[in-house]
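Residue numbering restarts at 1 for every chain, and letters A, B, ... go by the order of the sequence lines.
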There are 2 protein chains.
Amino acid sequence: MSAPERLSKRDAIRRENERIILAAAEKVFAEAGFGGATMQLIADMAGLPKANLHYYFATKEELYRRVVRQIFEIWLHAADSFDNAPGPVEGIGAYIEAKMDISRRHPFGSKVWASEVMHGAPVIQDYLETTLREWTEGRVAVIRRWIAAGRMAPVDPHHLLYMLWATTQHYADFGHQIETLNGGRALSDRQWKAATESVKSIVLTGIGAVPRPEDLSNWTS
Amino acid sequence: MSAPERLSKRDAIRRENERIILAAAEKVFAEAGFGGATMQLIADMAGLPKANLHYYFATKEELYRRVVRQIFEIWLHAADSFDNAPGPVEGIGAYIEAKMDISRRHPFGSKVWASEVMHGAPVIQDYLETTLREWTEGRVAVIRRWIAAGRMAPVDPHHLLYMLWATTQHYADFGHQIETLNGGRALSDRQWKAATESVKSIVLTGIGAVPRPEDLSNWTS
DNA sequence: TCTTTTCCTGACCGTATGGTCAGGGTTGAG
DNA sequence: CTCAACCCTGACCATACGGTCAGGAAAAGA
């Protein structure tokens with residue numbers, strides 16, 4: 001879209017500091033919640049004085065809002081897998097893979113989003129009612145088309161989407177619990193792949209998009 | 001177990017006040033998070049002076065701990081559906097129904113638990129490592145037996161359990177998002193039933209416990 | 001170089017929080 | 001009836017929080 005423009009030193013500093021602050025804030029908000037997070041904690045994690053945070057982000061709420069919107073954007077992009085897919089096996093399969101990948105790469109953002117929604121979405125309610133609703137209805141239409149074309153069973157599209165969100169985000173939001181049940185170790189590359197395949201297999205079989213469970217021999221232990 | 005014993009007035013007062021405080025705390029912790037919740041807010045919701053809360057519960061942490069353990073106990077009991085079931089259709093089916101029912105009846109507790117785990121389980125880590133681990137391994141063994149008996153496909157038992165937890169708890173933890181996508185209205189009796197059937201259908205079909213998707217005609221809108 | 005704009009931060013402020021405590025009221029056993 | 005044990009609470013305290021601000025340093029335009 002835009003050429004790799006030459007940045008003035010000031011612009012570079014601003015961009016870099018905002019990046020550092022947002023990353024620190026994402027982690028602290030995820031680990032302590034909005035109420036439990038303090039600007040001092042975020043400042044320490046970012047390696048900057050607290051007053052400097054308030055120079056870039058006027059209030060705690062504004063900083064939080066930016067963090068929440070960031071993960072939301074990432075999730076919206078994951079939907080590209082959904083469109084332009086010939087059928088549910090490719091579309092939903094790719095979507096599950098994309099969402100699982102995000103759960104692994106952005107666990108903090110996922111937790112912040114979960115926390116925000118659980119608390120009644122005080123700062124992104126408008127997004128839920130506009131962007132998310134439109135996005136959802138678009139995918140619902142796609143699923144309905146696949147059903148009409150006989151490519152999958154007549155499952156309720158909304159509940160299917162909830163299952164996809166719930167299952168994939170669970171690996172980020174409840175990662176600590178999964179880690180504990182995994183002997184206190186984070187999931188390995190192999191285990192993440194097994195988890196993804198397991199979810200894909202159950203869901204795609206469950207909605208009748210895959211006729212016979214063929215490659216279901218993915219064991220963890 | 002115990003006969004309906006006669007309570008002294010003091011015991012009755014203590015029991016009733018603890019109940020009121022715990023109910024208020026569950027709601028406030030769910031809506032504001034541990035860090036965002038204040039003893040004053042809980043006191044107002046309970047209709048008691050703040051100092052009275054500290055008479056029954058020494059610290060905010062102790063009150064919080066009691067709330068978290070409460071929902072954990074409820075979830076453990078839901079597992080009774082799992083045992084003594086002849087196969088996955090009855091066992092897992094009943095478990096899904098029980099967990100969906102809990103999501104509807106105890107949405108606050110579910111959110112408090114989710115929040116606790118997301119923040120690294122600071123106060124119930126020992127429970128995760130003992131009670132939850134034992135519980136999980138027990139159900140894993142049951143699932144393995146069903147697989148060995150050819151009553152379901154060889155799915156990874158751990159990932160299946162995660163899917164059950166994620167999907168059912170999603171209706172409590174992300175209830176606000178679901179409500180927004182449902183036109184701002186809470187799910188009706190009919191919709192809750194449809195959600196439960198949808199989850200049961202996809203999962204049981206997905207693990208090969210149900211040969212053919214027969215009753216998949218559950219639509220929301 | 002001079003001047004303006006932006007970046008940076010130590011010190012500070014008002015407020016709200018978790019928790020305490022002294023003292024008064026109530027209950028029930030002996 | 002007596003009195004110890006328990007229940008209750010307004011007033012208070014130390015702390016930590018989000019946010020402000022004056023003033024200095026550095027960059028960029030003129």
Side-chain angles (χ1 to χ4, degrees), chain A residues 5-68 112 115-116 119 122-123, chain B residues 5-68 112 115-116 119 122-123:
Chain A
E5 26 179 338
R6 192 99 188 96
L7 290 178
S8 70
K9 188 158 186 178
R10 277 185 185 162
D11 285 349
I13 286 176
R14 172 168 280 270
R15 189 171 297 203
E16 174 66 3
N17 278 345
E18 285 187 353
R19 195 189 58 78
I20 290 175
I21 294 170
L22 282 170
E26 180 176 307
K27 190 170 181 186
V28 172
F29 281 134
E31 289 175 347
F34 178 81
T38 70
M39 294 299 271
Q40 190 60 62
L41 251 164
I42 297 171
D44 292 347
M45 176 132 325
L48 294 171
K50 193 186 71 166
N52 207 352
L53 266 65
H54 279 102
Y55 174 73
Y56 286 105
F57 301 91
T59 66
K60 190 181 169 186
E61 277 84 358
E62 187 187 321
L63 178 53
Y64 174 75
R65 200 185 316 262
R66 284 282 297 273
V67 170
V68 172
V112 174
S115 196
E116 164 70 7
H119 298 358
V123 317
Chain B
E5 24 178 341
R6 193 100 189 97
L7 289 180
S8 71
K9 188 160 187 181
R10 276 183 186 164
D11 285 350
I13 287 175
R14 172 167 281 270
R15 189 170 297 202
E16 175 66 2
N17 278 346
E18 286 188 352
R19 194 189 60 77
I20 290 175
I21 294 170
L22 282 171
E26 181 176 306
K27 191 170 183 187
V28 173
F29 281 134
E31 289 175 348
F34 178 81
T38 71
M39 293 300 271
Q40 189 61 62
L41 252 164
I42 298 171
D44 292 347
M45 176 132 324
L48 294 171
K50 195 186 68 165
N52 207 352
L53 266 65
H54 279 102
Y55 174 74
Y56 286 104
F57 301 92
T59 66
K60 190 182 171 187
E61 279 83 359
E62 186 188 322
L63 178 53
Y64 175 74
R65 199 184 316 263
R66 283 283 298 272
V67 170
V68 172
V112 174
S115 197
E116 163 71 5
H119 297 357
V123 318

May I ask you to decide if A/Val123's main-chain N or O and A/Glu116's side chain share a donor-acceptor pair within less than 3.5 Å?
-> yes
Whole angstrom is fine here: how far is it from [atom1] in [X] over to [atom2] in [N]?
X	N	atom1	atom2	result
A/Tyr64	D/dG19	OH	P	15 Å
A/Asn52	D/dA25	CG	P	16 Å
B/Met39	D/dC12	CE	P	21 Å
A/Tyr55	D/dG23	OH	C1'	14 Å
B/Arg15	D/dC7	CZ	C1'	17 Å
A/Leu53	D/dT20	CG	P	14 Å
A/Glu16	C/dT6	CD	P	21 Å
A/His54	D/dA22	NE2	P	17 Å

In terms of the nearest nucleotide of DNA chain D, which residue is placed more toward the 5' end: B/Arg10 or A/Arg10?
->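 That would be B/Arg10.
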Classify the nucleic acid contact of [X] as base, sugar-phosphate or nothing, counting any heavy atom under 4.0 Å across all strands shown.
X	answer
B/Glu61	sugar-phosphate
B/Phe57	nothing
A/Ala12	nothing
B/Ile13	sugar-phosphate

Any donor-acceptor pair under 3.5 Å between the side chain of A/Arg14 and the base of C/dT6?
-> no
Indicate, yes or no, whether a donor-acceptor pair under 3.5 Å links the base of D/dG18 to the side chain of A/Lys50.
->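 Yes, the side chain and the base share a sub-3.5 Å donor-acceptor pair.
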Residue closer to the 5' end of DNA chain C, A/Leu48 versus B/Phe34 (nearest nucleotide) = A/Leu48
Kindly compute the distance separating NZ (B/Lys50) from CD1 (B/Ile42), expressed to the nearest 0.5 Å.
-> 11.0 Å
So do the side chains of A/His119 and A/Phe34 get within less than 4.5 Å of each other, counting heavy atoms only?
->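 In short, these two side chains do not touch, never coming nearer than 4.5 Å.
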Nearest heavy-atom approach of B/Ala32 to B/Ala37 is CB-N, 3.7 Å
Mind checking whether A/Phe29 and A/Tyr64 have parallel, tilted or perpendicular rings, split at 30° and 60°?
->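 A/Phe29 vs A/Tyr64 ring planes: perpendicular.
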Look at the side chain of B/Ala51 and decide which nucleotide, out of D/dC8, C/dC7, D/dT9, has an atom nearest to it.
-> D/dT9
